[in-house]
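Atoms within a ligand are numbered from 1 in the order they appear, just like the ligands themselves. Positions are given from 1, in the same order as the sequence printed here.
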Amino acid sequence: MRASKMFAPTLREVPAEAEIISHKLMLRAGMLRKVASGVYTYLPLAWRTIHKIENIIREEMDAKGGQELLMPAVQPAEIWQESGRWGVYGAEMWRVKDRHDRDFCLGPTHEEMISTIFRGEVRSYKQLPQMLYQIQTKYRDERRPRFGLMRSREFIMKDLYSFDADEAGLAVSYDLMYDAYSRVFSRCGLNFRPVEADSGAIGGKGSHEFMALAEAGESAILYCDTCDYAATDEIAGREPLPVEPQEMLAIEKVDTPACESVEKVAEFLGVATDRIVKTMYYLADGELVIVLVRGDRRINEIKLQALLGVNELVLADNATIEKGTLKVGYLGPVGVEGVRILADAEVPVMYNVIVGSNDGESHLLNVNYQRGDFRIDEVADLRYLEEGEQCPHCHGHIKMARGIEVGQIFKLHTKYSDALNVVYTGEDGQERPVVMGCYGIGVGRTMAAVIEQSYDDDGIIWPMAVAPYQAIIIPVNDREPELTATAEQLYTELTAAGIEVVLDDRQERAGVKFKDADLIGYPVRVTIGAKSLARGNVEVKLRKNGEMLEVPVAELRGWLQEYIKQEMAI
Ligand code: ATP
Ligand code: MG
């Protein structure tokens, strides 16, 4: 490719519409343009990288036995009504009608579609297992599209679905995909971590998210500094640490004026916040419930909602709670009747705790659940694990990092095969539901995540495997025939050798060319200048570390081939 012909409109200014670095750099490097909120055109440089990521994915899916197909983006409402998701998917689903007023959607995902295809074709255990995948455009009318390709409304996803005869088969498919995902993200040059993830309403251990570690990430990851434990903050948790038995003291009531928060109570009484138990009122599908948690902990509403199995969970407002002497800031569990009380697992093993007295002006000291001072209806892990806590698996400590979810793998078990009647006949002649898994990778999000991890003040630093081009040749002065002739000759030679190279043949100053080369992020820059050429050499600069070296013109091709090979190895 000649730079003079290339459609890569680079920008000097940082566009106002972009908040995070990958979005800014993709706009500046002439890779991306916005069409509407969350809807983008991938310009040629971006499209080359997208293709490379897709091909890495294809190779790794195929290596595990995956077969590629392509389902339509347009899906009839009927299959979603059959699975029960037409009603629950909500505003995120992009719904359309055809000229006959029939309902369709633009697929946000394809479980329904693949299940209905599969059930029409598969009858026998002999046809299992199967792994089918596609790389295709998905539509989700996100509430807050943002960060460019990171959270867009039209995006490219690879989605694979596994079909097995039983749970043991699913475990095998899941492990194959876990391994394939690790290889895909390693080959893309990402620093990532697979973390245990929320498997939603299905429950049980059965999902991992692959997180690219980056400050711009929307997810929080908790991981151990010693072992390989890692989980999203949504599900990370641990059993309460053992507590030394203490003498249970007599309950005491103390006035605590103007102490509406745990911090104020702790300060007023001169104790640490972990001596206090917080009493929180929630409305779960409209019904009041009380949740108790240690004063220094945060209630994890995702865990709480999963436990309660409700659609809507909100903190109760003051007006709902404040009846009689009840006052927010002075609430407690002692003497409460008629409201269900849930407690985080740490609460029942605490001794001599401080709680509100429910009279609007005081707190109770030395309250002990173990003595029967108050009632708990259900105990569960209902809080966030915090940085610095002891790891649930070992003696290490928990650290926190931010991550970009680039992929997720998921055991579906028989959720969709039950709903959509995807069955097979076993060796024994019995009919059984197919056991399924689903596995997604965001292709555009992966490209953005690579940039979030690999850039500097001058621009993008592409890992070799996903760079739009592998190298650029820059003659420093296009009025010197010897330089341009060498540049042309190398361009022809390298291109013929299959190296993806750009020749910057534009009538521009060298400084402009260098700036664009750094911005676009070519892994290798080959500069042809009079001084080094007099020695028979070209100057090679590595984008990833700025290292410069001179390579004889005659050896450049061999040098590049070796360097590219070395950079692509994982
Ligand atoms: P998120 O929690 O970020 O909304 P999700 O869990 O809903 O994502 P999945 O259904 O697991 O997403 O989709 C598989 C992959 O598709 C994700 O891991 C992510 O890489 C990508 N993806 C999902 N939503 C978007 C989006 N709006 N824009 C770009 N990529 C997306
Ligand atoms: Mg996900």
Any donor-acceptor pair under 3.5 Å linking the side-chain atoms of Glu234 with those of Asn300?
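No, no side-chain donor-acceptor contact under 3.5 Å.
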Looking at Tyr424 versus Tyr125, is the centre-to-centre ring distance below 6.0 Å?
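Tyr424 vs Tyr125: aromatic centres not under 6.0 Å.
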Just checking Tyr416 against Phe118, ring centres under 6.0 Å apart?
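No, too far apart.
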Atom indices of ligand 1, in the order listed, that fall short of 4.0 Å to a heavy atom of [X]:
X	answer
Gly407	18 (O)
Gly442	15 (C), 16 (O), 20 (O), 21 (C)
Glu142	24 (N), 26 (C), 27 (N)
Val406	18 (O), 20 (O)
Met150	28 (N), 29 (C), 30 (N)

Does ligand 1 have any atom sitting under 4.0 Å from a heavy atom of Ser152?
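Yes, Ser152 has heavy atoms under 4.0 Å from ligand 1.
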Below 4.0 Å from ligand 1: does a non-hydrogen atom of Leu149 turn up there or not?
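Leu149 counts as a contact of ligand 1 under the 4.0 Å cut-off.
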Shortest non-hydrogen contact between Gly388 and His397, atoms and distance
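Distance-wise, the nearest heavy atoms are O-CD2, 3.3 Å.
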Look at the aromatic rings of Tyr40 and His23 and report parallel, tilted or perpendicular, splitting at 30° and 60°.
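The rings of Tyr40 and His23 stand perpendicular, inter-plane angle above 60°.
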Which word best sums up how the rings of Trp80 and Tyr89 line up, parallel for under 30°, tilted for 30 to 60°, or perpendicular for over 60°?
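Ring orientation, 0 to 90° scale: perpendicular.
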For ligand 1, indicate whether the residue Thr109 contacts it via side chain, backbone, both or neither (heavy-atom separation under 4.0 Å).
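For Thr109, there is no contact with ligand 1 at all, from either part.
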Where on Lys138 is there a heavy atom closer than 4.0 Å to ligand 1, on the side chain, on the backbone, on both, or on neither?
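It is neither; nothing of Lys138 touches ligand 1.
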With a 4.5 Å limit on heavy-atom distance, are the side chains of Ile114 and Leu132 in contact?
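In short, these two side chains touch, coming nearer than 4.5 Å.
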Between Gln408, Met157, Arg151, which one has a non-hydrogen atom sitting closest to atom 13 (O) of ligand 1?
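Closest candidate by heavy-atom distance is Met157.
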Among Arg153, Glu405, Glu92, which one has a heavy atom closest to atom 6 (O) of ligand 1?
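Ranked by closest heavy atom to atom 6 (O) of ligand 1, first place is Glu405.
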So which heavy atom in the protein is nearest atom 12 (O) of ligand 1, and how far is it from that ligand atom?
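For atom 12 (O) of ligand 1, the nearest protein heavy atom is Arg140 NH1, 3.3 Å.
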Tell me the protein heavy atom at minimum distance from atom 22 (N) of ligand 1, and give that distance in Å.
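Ranked first by proximity to atom 22 (N) of ligand 1 is Phe155 CE1, 3.5 Å.
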Carboxylate-amine/guanidinium proximity below 4.0 Å for Arg146 and Glu19:
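Judged by the 4.0 Å cut-off on N to carboxylate O distance, Arg146 and Glu19 do not form a salt bridge.
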Donor-acceptor contact present, side-chain Arg153 to main-chain Ser37, <3.5 Å
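Pair found, side chain donor or acceptor close to backbone of Ser37.
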Which N, O or S atom name in Glu405 marks its closest approach to the Mg ion (ligand 2)?
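Glu405's closest N, O or S atom to the Mg ion (ligand 2) is named OE2.
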